[in-house]
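FYI, side chains are in, hydrogens and waters are out, and symmetry mates aren't considered; it's all heavy atoms of this structure. The sequence lines fix the lettering, A, B, ..., with proteins before strands; numbering per chain opens at 1. Being a predicted model, the structure only gives us computed values, none of them experimental.
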Number of protein chains: 4
Amino acid sequence: MPKNDGDITKERILKAAEKLFSEEGFDGTSMDKIAKDVGINKGSIYYHFKDKNDIMASLFKKILSDMYEHVDYISRPMKERLEDKIKREIQYLSDKKRILSILFMETLKSGNNTDYFIQCLEVMIKKELDSTLKNGNVGELIEEDLEKYIVYEFFTGMMPIISFIMLKDKWCEYFKYDEKKLFEHFMEAFVNSHLKAHKFNK
Amino acid sequence: MPKNDGDITKERILKAAEKLFSEEGFDGTSMDKIAKDVGINKGSIYYHFKDKNDIMASLFKKILSDMYEHVDYISRPMKERLEDKIKREIQYLSDKKRILSILFMETLKSGNNTDYFIQCLEVMIKKELDSTLKNGNVGELIEEDLEKYIVYEFFTGMMPIISFIMLKDKWCEYFKYDEKKLFEHFMEAFVNSHLKAHKFNK
Amino acid sequence: MPKNDGDITKERILKAAEKLFSEEGFDGTSMDKIAKDVGINKGSIYYHFKDKNDIMASLFKKILSDMYEHVDYISRPMKERLEDKIKREIQYLSDKKRILSILFMETLKSGNNTDYFIQCLEVMIKKELDSTLKNGNVGELIEEDLEKYIVYEFFTGMMPIISFIMLKDKWCEYFKYDEKKLFEHFMEAFVNSHLKAHKFNK
Amino acid sequence: MPKNDGDITKERILKAAEKLFSEEGFDGTSMDKIAKDVGINKGSIYYHFKDKNDIMASLFKKILSDMYEHVDYISRPMKERLEDKIKREIQYLSDKKRILSILFMETLKSGNNTDYFIQCLEVMIKKELDSTLKNGNVGELIEEDLEKYIVYEFFTGMMPIISFIMLKDKWCEYFKYDEKKLFEHFMEAFVNSHLKAHKFNK
DNA sequence: CATGAATGAGCATTCATTCAT
DNA sequence: GATGAATGAATGCTCATTCAT
């Protein structure tokens, strides 16, 4: 939480950077644009951040610690339908849409060594698994099962949800969907997942 | 098919651009780098392409027509296990890894109007559906069902596969997996999809 | 002599500036670097000095008054071998190596009007001459002789010594000399000076 | 020798850089100033030179090869008074005044690893020695004598001359000398060198 | 005395693009 | 078809300096 002028400015720079990076990509966003968006001098950014990458790293740190807190909160023991839990999850991640898009874009570049996006989802999956285990919903997991679980959650659980969140707007515009319809279709698809449905058809 | 020197150069520019865009992103790749990679003069690129966006558009056109051809080929009627079909699909898409990453990165930017990635997957899904219908595996589809089908295939079918392909290398490095193990885990997860497995656990 | 905190800080700034200017040149040294080196806030420098040039001017003033004091001290009447006197001179100037380098660099720029270095050596030469005259070693000097004397002392006396001091380290590294050998060679060369030796060879 | 437009531009950049570096120092000269002085676009400089240091390095290379050629020319066997030879030498070096000042300034910075100036004078001294030896003026030189000779020539021969050349203008302005008088005084001092004169006084 | 924060001009360098040859 | 040379705008970043606290 910002306490003085400097911290407030820093926060505003991060907010502007998050917006602009998600709109134009990291490389497509100039320090000039960020400064203009915040309404400060370009040089001032360098008072608060070492360089452009430092802004990126700060955004990453922020979302990571946010996710730590979030998972603690969301996974208290409660009797809740799985579907409702997923809806809440989607809600939470929707608020992180921008930063998730940024992290994904960066992680997709094969030429750098950033695995921001993978780290981020790893945190979510592991934290959630931890709390599930604590609640006694399942027994202990052996190492191989853990690996399988992470792969499974990542690619067939998280990826559908996060790509839905990231592409929702463009999808609606491209296919002339309204958002509500897409959401319902997606939920049906997700619950009633892929190959399972295939089997029913045959 | 390139016929003369000019076409060959054009092809080489596209190949270099595809490599570099996927490594550093579109904005992170300069015309200079492309020219150097091809081994030609920077100005020459402008003989073959109007501007940088034109290179991008050409890459998009190429993958789109490639997908048209591919789907015609892959979906001939044959008795094949679903799992094997998926493996072939993954194989095909793996060869397109670079361009898919590029298109995805661009589509993630909310500030431009490119929906390259969505268009691309739409083609794949629709072409495949067409051929499935022709083969008489299912009856006619009403409009709403078609929409649901596309959403379903896109987010819970294609997205897991494509994100697996795009993130495979970074995943293996980050988690110290070998490729084979990841592939097996992924296949198991994908076949045995998400919520279905959840049900089995309880 | 620094008396309170403020003066101490001022002294520390000068010390840091002297070090950094001699390492990277005046233009190559930023106020930031100086502040960081001193361990104070950049703004604080401006409490003690009007601007960057003021730091330079202060360094110059300091060395000038130091030289006044030094010459008074060194040139008391004593029976000392010329060679020993020169050695003492070299010793004294070695301690001023940094500031002499800085002043020389600045004076070499033809585009500004600084003649720091010339002034500095003028003081040394004149003070020494004064004391020599007082000691009655020579008679009165007419104006033209004074001019000749200064030219002579400056270019064939001071310049060899000072360039030896300024270039010593780089020379040793470049030619793989050890410092002692260079010093001996230099002393021999200096005592046994240039054209004289030429004559002996023939 | 420049053959086409590009080479001419390159040559003009070098000329402007030499002038500006000598006026304001390397760090004090911006690429902007150079471009403006040449009358070209700033970006164009980067077509011809990798970066600012590359310009510096090119200037250094140029003077070095110029010196190689010069010494070959100047040291043909001839019966010439030493004094006249020195005058010719001074004449030659006067034309190199700018670049010598630049190289000296850079070499004076202890923080970088450039020994441009030392290398430069080493070439002059060694080439001249070579030709002197060939002319049979002296016998063979053993290693230690060579070292002594270089030290001797460098500090008591070259340094007075080059500092005279570099400081001449400022000296005349500061002391209100006219150039001719300074030259005569310097020649007298140089011929009649330092300690020798001291001895005569006593 | 000293700091944190800011400013605007300037820095070296790179960019996409153009065009005569 | 391709090259060498150039351009002007923009890039990320640093500069000396200021000032309220």
Side-chain angles (χ1 to χ4, degrees), chain A residues 4-10 26-35 38-55, chain B residues 4-10 13 27-35 38-55, chain C residues 4-10 13 27-35 38-55, chain D residues 4-10 26-35 38-55:
Chain A
N4 54 42
D5 291 2
D7 282 355
I8 288 171
T9 304
K10 195 166 181 175
F26 178 77
D27 294 312
T29 302
S30 70
M31 297 298 263
D32 248 306
K33 266 185 218 152
I34 297 173
V38 178
I40 58 168
N41 185 275
K42 186 172 36 161
S44 296
I45 300 180
Y46 290 87
Y47 182 81
H48 297 283
F49 298 93
K50 202 180 128 293
D51 56 22
K52 208 181 168 188
N53 287 307
D54 190 29
I55 300 182
Chain B
N4 51 43
D5 290 3
D7 280 358
I8 287 171
T9 302
K10 191 165 183 175
I13 293 169
D27 295 311
T29 303
S30 70
M31 296 299 260
D32 250 304
K33 267 185 219 151
I34 297 174
V38 178
I40 57 169
N41 185 274
K42 188 170 36 159
S44 298
I45 300 180
Y46 287 86
Y47 178 83
H48 297 283
F49 298 94
K50 200 178 130 288
D51 55 22
K52 205 181 166 190
N53 287 308
D54 190 29
I55 299 182
Chain C
N4 52 43
D5 290 3
D7 280 358
I8 288 171
T9 302
K10 191 165 184 175
I13 293 169
D27 295 311
T29 302
S30 69
M31 296 297 261
D32 250 303
K33 267 185 218 151
I34 297 174
V38 179
I40 58 168
N41 185 276
K42 188 171 35 160
S44 298
I45 300 180
Y46 287 87
Y47 179 83
H48 297 282
F49 299 94
K50 199 180 130 287
D51 55 23
K52 205 180 167 190
N53 287 308
D54 190 29
I55 300 181
Chain D
N4 56 42
D5 291 2
D7 281 355
I8 289 170
T9 304
K10 195 165 180 174
F26 178 78
D27 294 313
T29 302
S30 70
M31 296 299 260
D32 248 306
K33 265 186 220 152
I34 298 174
V38 178
I40 57 169
N41 186 276
K42 187 172 33 161
S44 297
I45 300 179
Y46 289 88
Y47 182 81
H48 297 282
F49 298 94
K50 201 181 127 295
D51 55 23
K52 207 181 168 188
N53 287 308
D54 190 29
I55 299 181

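- Note on A:Tyr46: a side-chain N or O is less than 4.0 Å away from OP1 or OP2 of F:dC13.
- Pair assignment for F:dG12: E:dC11, on the basis of Watson-Crick or G-U wobble contacts that are both within less than 3.5 Å.
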Open item on the list: Let's go through A:Phe26 and B:Asp27 carefully: what are the C-alpha distance in whole Å and the side-chain angles of both, what is the deciding distance for side chain to side chain contact (heavy atoms under 4.5 Å, CB included) to 0.1 Å, and is it a yes or a no?
Closed with: CA-CA 9 Å; A:Phe26 178 77; B:Asp27 295 311; over 6 Å; no

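- The side chain of C:Asp32 has F:dC15 as its nearest neighbour among F:dC15, E:dT13, F:dT17.
- Candidate nucleotides F:dA6, F:dT7, E:dA6 were compared by shortest atom distance to the side chain of A:Tyr47, and E:dA6 ranks first.
- Contact annotation: C:Thr9 does not reach the phosphate of E:dC1 (side-chain N/O to OP1 or OP2, under 4.0 Å).
- Atom CG of C:Asn41 and atom P of E:dC1 are 16 Å apart (whole Å).
- With rounding to whole Å, A:Asp54 atom CG is found 15 Å from F:dG12 atom P.
- Nucleotide F:dA5 holds its C1' atom 18 Å from the NZ atom of D:Lys42, rounded to whole Å.
- Rounded to the nearest 0.5 Å, atoms CD1 (C:Ile45) and CG (C:Asp51) are 11.5 Å apart.
- Residue B:Ser44 has a polar side-chain atom (N or O) positioned under 4.0 Å from OP1 or OP2 of F:dT3.
- Shown here, F:dC19 forms a base pair with E:dG4; the pair counts as Watson-Crick or G-U wobble because both key distances fall under 3.5 Å.
- The shortest distance between the side-chain N/O atoms of D:His48 and the OP1/OP2 oxygens of F:dG4 is not below 4.0 Å.
- Here the C1' atom of nucleotide F:dT14 and the NZ atom of A:Lys50 are 14 Å apart, to the nearest Å.
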TODO: Dump the intermediate steps for side chain to side chain contact (heavy atoms under 4.5 Å, CB included) on C:Tyr47 and C:Lys10, then the final yes or no.
DONE: CA-CA 9 Å; C:Tyr47 179 83; C:Lys10 191 165 184 175; over 6 Å; no

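- Nucleotides of DNA chain F nearest to D:Ile45 and A:Lys52 differ in position, and the one nearer the 5' end is that of D:Ile45.
- The side chain of C:Met31 lies closest to F:dA16 when the candidates are F:dA10, F:dG4, F:dA16.
- In this structure, C:Lys42 NZ and C:Ile34 CD1 are separated by 11.0 Å, a value rounded to the nearest 0.5 Å.
- When rounded to the nearest whole Å, the span between CG of C:Asp27 and P of E:dG10 equals 15 Å.
- Look at the C1' atom in both E:dC1 and F:dT21: the space between them is 13 Å, to the nearest Å.
- The nearest whole Å value for the distance from the CD1 atom in A:Ile40 to the P atom in F:dT18 is 21 Å.
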- [ ] Show the numbers, then the answer: is there a side chain to side chain contact (heavy atoms under 4.5 Å, CB included) between A:Met31 and A:Ile55?
- [x] CA-CA 10 Å; A:Met31 297 298 263; A:Ile55 300 182; 4.0 Å; yes

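- For the OP1/OP2 pair of E:dC15 and a distance below 4.0 Å, the side-chain nitrogens and oxygens of B:Ser30 include at least one atom meeting the criterion.
- Side-chain proximity of C:Asp51 to F:dT17, F:dT7, F:dA6: nearest is F:dT17.
- Nucleotide E:dA5 holds its P atom 10 Å from the NZ atom of A:Lys10, rounded to whole Å.
- A pairwise comparison of heavy atoms in A:Lys52 and A:Thr29 identifies NZ-O, 2.7 Å as the closest pair.
- In terms of position on DNA chain E, the residue among A:Gly39 and D:Lys33 whose nearest nucleotide sits closer to the 5' end is A:Gly39.
- Atom CD1 of C:Ile8 is separated from atom P of E:dC1 by 10 Å (rounded to the nearest Å).
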